[in-house]
K.L.:
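Could you have a look at this structure, given as structure tokens, before my questions?
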Amino acid sequence: MDFSKDDARVPIICTWVVIVIATVLFWPLGAVLAWKRGNYSRKTCLNLGKISMVFGVVMMIGAILLGYFMGDDYIGACAVYGICGVVFARMGYEGVKKARVYEKIIFEVEEEGVLMIPMLADEIGMPEVDVLKNLEVMFKKNLLPHHELAHNNKRLLKK
């Protein structure tokens with residue numbers, strides 16, 4: 001899958017340089033900008049789960065280090081960082097699972113040319129209803145920009 005054209009659509013505020021600087025200065029802003037970048041870049045959208053997991057692990061390690069070096073006075077901050085880290089890591093894990101399904105659908109549609117929903121469901125190994133739900137989400141996230149669903153929900157059409 002070629003995602004090289006995605007970077008042209010990403011605004012300056014959502015570039016990786018700005019995201020890293022924002023994360024260092026004020027970590028919640030960096031997380032929001034990374035999430036926002038997923039609206040413009042298909043590659044980032046599919047990798048948001050991995051990014052969230054890494055962010056969560058870094059927060060958990062930060063909580064441990066904060067508690068170790070700063071002592072018991074900062075135990076409340078350690079708890080907040082640790083809990084936020086666990087939440088980010090868990091959300092990331094769920095995002096990775098969804099991204100795997102989205103990548104299978106994208107591969108079957110764009111690389112293999114499977115445009116019939118029943119055939120797509122058979123290739124992926126999931127019920128047609130679940131494929132249709134995933135396709136609706138994928139269209140909202142602009143993961144299949146050159147396709148649309150036919151009126152009878154049985155076929156994908158190229159735009």
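Throughout, residue positions are numbered sequentially from 1 according to the sequence presented.
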K.L.:
Taking all non-hydrogen atoms of both residues, which atom of Gly38 and which atom of Cys45 are closest, and how far apart?
P.N.:
O-CB, 3.4 Å

K.L.:
What donor-acceptor contacts under 3.5 angstrom involve side-chain atoms of residues 132-143, with partners at least two apart or in another chain?
P.N.:
unit_1, atom_1, unit_2, atom_2, d
Asn134, ND2, Asp130, O, 3.1

K.L.:
Would you give the length of the straight line joining atom CD1 of Ile83 to atom CE of Met59, rounded to the nearest 0.5 angstrom?
P.N.:
10.0 Å

K.L.:
Strictly by side-chain hydrogen bond (donor to acceptor under 3.5 Å, both in side chains), give each pair with a member in residues 63-92 just once, sequence neighbours left out.
P.N.:
Trp27-Tyr81, Arg90-Glu94

K.L.:
Do you know which two heavy atoms are closest between Leu46 and Ala99, and how far apart they sit?
P.N.:
O-CB, 3.1 Å

K.L.:
For residues 150-157, dump all side-chain donor-acceptor pairs below 3.5 Å to protein atoms at least two apart in sequence or in another chain.
P.N.:
unit_1, atom_1, unit_2, atom_2, d
Asn152, OD1, Lys154, N, 3.1
Lys154, NZ, Glu128, OE1, 3.2

K.L.:
Can you name the side-chain contact (heavy atoms from CB on, under 4.5 Å) partners of Val57, sequence neighbours left out?
P.N.:
Met60, Ile61

K.L.:
To the nearest 0.5 Å, what is the distance between CG (Leu25) and CD1 (Ile21)?
P.N.:
7.5 Å

K.L.:
Starting at CE of Met126, measure out to CD1 of Ile105 and round the result to the nearest 0.5 Å.
P.N.:
6.5 Å

K.L.:
Got a second to check how far Phe26's CZ is from Leu33's CG, nearest 0.5 Å?
P.N.:
11.0 Å

K.L.:
On a heavy-atom basis, which atom in Ala63 and which in Gly82 lie closest, and how many Å separate them?
P.N.:
CB-N, 3.5 Å

K.L.:
Below 4.5 Å, heavy atoms only, C-beta onward: do Val109 and Leu115 meet side chain to side chain?
P.N.:
yes

K.L.:
State plainly whether one hydrophobic cluster holds both Ile13 and Val20, where clusters connect Ile, Leu, Val, Met, Phe, Trp and Tyr through side-chain heavy atoms under 4.5 angstrom apart.
P.N.:
no

K.L.:
Please check if Val58 and Val86 belong to a single hydrophobic cluster, counting links between Ile, Leu, Val, Met, Phe, Trp and Tyr side chain heavy atoms closer than 4.5 Å.
P.N.:
no

K.L.:
Please determine whether the number of non-hydrogen atoms from other residues, nucleotides or ligands lying under 6.0 Å from atom CD1 of Ile12 exceeds 12.
P.N.:
no

K.L.:
By the rule that ILVMFWY residues connect when side-chain heavy atoms come within less than 4.5 angstrom, directly or transitively, which residues belong alongside Val96?
P.N.:
Met53, Tyr93

K.L.:
Using side-chain contact (heavy atoms from CB on, under 4.5 Å) as the criterion, list what pairs up with Cys14, not counting sequence neighbours.
P.N.:
Val10, Pro11, Lys36, Arg37, Tyr40

K.L.:
Where is the tightest heavy-atom contact between Ile19 and Gly30, given as atom of each residue plus distance?
P.N.:
CG2-O, 3.7 Å

K.L.:
If you group Ile, Leu, Val, Met, Phe, Trp and Tyr by side-chain heavy-atom gaps below 4.5 Å, do Leu48 and Leu29 land in one group?
P.N.:
yes

K.L.:
Are side-chain heavy atoms of Met119 and Glu108 found at a separation under 4.5 Å?
P.N.:
no

K.L.:
Please say yes or no: joined through hydrophobic side-chain contacts below 4.5 Å, possibly via intermediate residues, are Trp35 and Trp16 part of one cluster?
P.N.:
yes

